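Note on naming: letters A, B, ... go to the chains in the order of the sequence lines (proteins, then strands), and numbering restarts at 1 for each one. Keep in mind it's a predicted model, so treat the numbers as computed, not measured.
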Number of protein chains: 2
Amino acid sequence: MSPPREPLTRERIVDAAVRLIEREGVEAVSMRRLAAELGAGTMSLYNHVPNKAVLVDLAAERIMADARPYQVDSDDWRDHIRAHARAVRELARRHPRAFVMLATRRLSSEAGFRTIEAALGNFDRAGFRGGVAVGMMRAMVSYLLGTLMREVATSPELGGIALSPYEDVDMSAFPLSAGVMDELGTYDHDQEFEFGLELLIAALERYRS
Amino acid sequence: MSPPREPLTRERIVDAAVRLIEREGVEAVSMRRLAAELGAGTMSLYNHVPNKAVLVDLAAERIMADARPYQVDSDDWRDHIRAHARAVRELARRHPRAFVMLATRRLSSEAGFRTIEAALGNFDRAGFRGGVAVGMMRAMVSYLLGTLMREVATSPELGGIALSPYEDVDMSAFPLSAGVMDELGTYDHDQEFEFGLELLIAALERYRS
DNA sequence: TCCGTGCGACGTACGGCGTACGTAGGAGGG
DNA sequence: CCCTCCTACGTACGCCGTACGTCGCACGGA
């Protein structure tokens, strides 16, 4: 009568963790809850995973592995940078609840270097080498990290702010803000992402000449 | 004999929370620990603060209030933007353990609009108005958020990574990375911050013409 | 002076957490 | 047939946030 329970596996545990993270965020993950979701005893998990921290690490890695290498058929370095940036954004949008966690975490050396190498390749194509290329890559990473954190934080489908922020503030003290109140109160993430991206690319172009 | 205990106050509680956050980070804050630090019973705190979440909010606000308006004597819009950016960085460096929390949190409308208004003023000086100015401000905020998160996360004095990351990775697969291994393994936050900042300013200049 | 009355401090208790530790049962090899 | 080892699991400890009830004290009015 007892259905032969699927045996516990690191695989199955990490899967469950990833699902839970994507559904309710990292803070919802607990060993007890995970075990319950798997129909197992809490402590059984510890036969496959040393502790919660590395379980979360494993889940983060699994999600990271969902980053697909970008595809682009162009010789223009700008198109490569655009495609790379958009691929990162795609990852963030596929896993909004996990993104902050991913961004905070140190990536595994292997995957990390794959990304770094690709980025360096793009800057190389643009004519940037050595320390300058590293600096540009880091500036780009910073911008991506920042916009995407903001985008994820303001996406309404996960409790992000709706606002309009001018509840009980005396706007007469802030004339410039008042003049762009409509723009301040709304987000067009597609357009904003592209705007910032083009801004940075323009800066690189200018740096070249 | 008993020294007349200083009475509990919202003020004193928030102070203790701020100190604890700056010393050990938000995750170290607990009502029990805070009470112990104040020589009071745990539940006494609830006479002055409705729950932990708003206590942390209050602490965040108090830290935020430490943001000093920047000073600069120049008519050049670039200098204003530089000064503003550096002021934000100063705040992050004064409160590294709290910065991620601050960045994640929604700022109080009043302080928020003061910052926004100042930023819009700088873009106005540069000749940018309306939606374009808002877009630029957001791009700038994204960059600041990103670099400073990275800077704080990699600052060694709070458990940031030391690395050199090439533990057991086969570097021959990543020739470009291998070529800049020294640069990848070290951070000069001052220089990197300024580099990215100048990059963005250059982009704005180019956009103007 | 005495008596409410109200407020701040505190203890207890509940349900949750991560996990150290001990145990039990079954599978596989000698 | 027995021994070993691996996996699953229960119990327990020390944390957490906080609902709730109580107690003592200061203060105002009679």
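Contact check on A:R68 versus A:E90 returns no salt bridge, with no Lys/Arg side-chain nitrogen under 4.0 Å from an Asp/Glu carboxylate oxygen. Checked for salt-bridge contact, B:R93 and B:E151 meet the test: a charged N lies under 4.0 Å from a carboxylate O.
Between B:S44 and the phosphate of C:dG8, there is no side-chain N or O to OP1/OP2 separation shorter than 4.0 Å. Applying the 4.0 Å criterion to OP1 and OP2 of C:dA9, one finds that B:H48 has a side-chain N or O inside that range.
C:dG18 atom C1' lies 16 Å from atom CD of B:E27, rounded to whole Å. Distance, A:L8 CG to D:dC9 C1': 11 Å, rounded to whole Å. Atoms CE (A:M43) and P (D:dT7) sit 15 Å apart, rounded to a whole Å. One can place CG of B:L34 at 13 Å from C1' of D:dC16, the figure rounded to the nearest angstrom. In this structure, B:K52 places its NZ atom 12 Å from C1' of C:dC17, rounding to the nearest Å. One can place CG of A:N47 at 9 Å from C1' of D:dC9, the figure rounded to the nearest angstrom. Rounded to an integer number of Å, the gap from OH of A:Y46 to P of C:dG18 is 6 Å. Remark: P of C:dA9 and CZ of B:R10 are 14 Å apart, rounded to the nearest angstrom.
A:R32 contributes no side-chain N or O that forms a donor-acceptor pair with the base of C:dG16 under 3.5 Å.
In this structure a side-chain-to-backbone donor-acceptor pair under 3.5 Å is present from A:E117 to B:L176.
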Given the rule in the side-chain contact (heavy atoms from CB on, under 4.5 Å) test, do B:E194 and B:H189 qualify, once you have shown the distances and angles that lead to the verdict?
CA-CA 8 Å; B:E194 296 293 329; B:H189 291 304; over 6 Å; no

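Distance from the side chain of B:A40 is smallest to C:dC10 among C:dT19, C:dG8, C:dC10.
Among the atoms of the strands shown, none is found under 4.0 Å from any heavy atom of B:V49.
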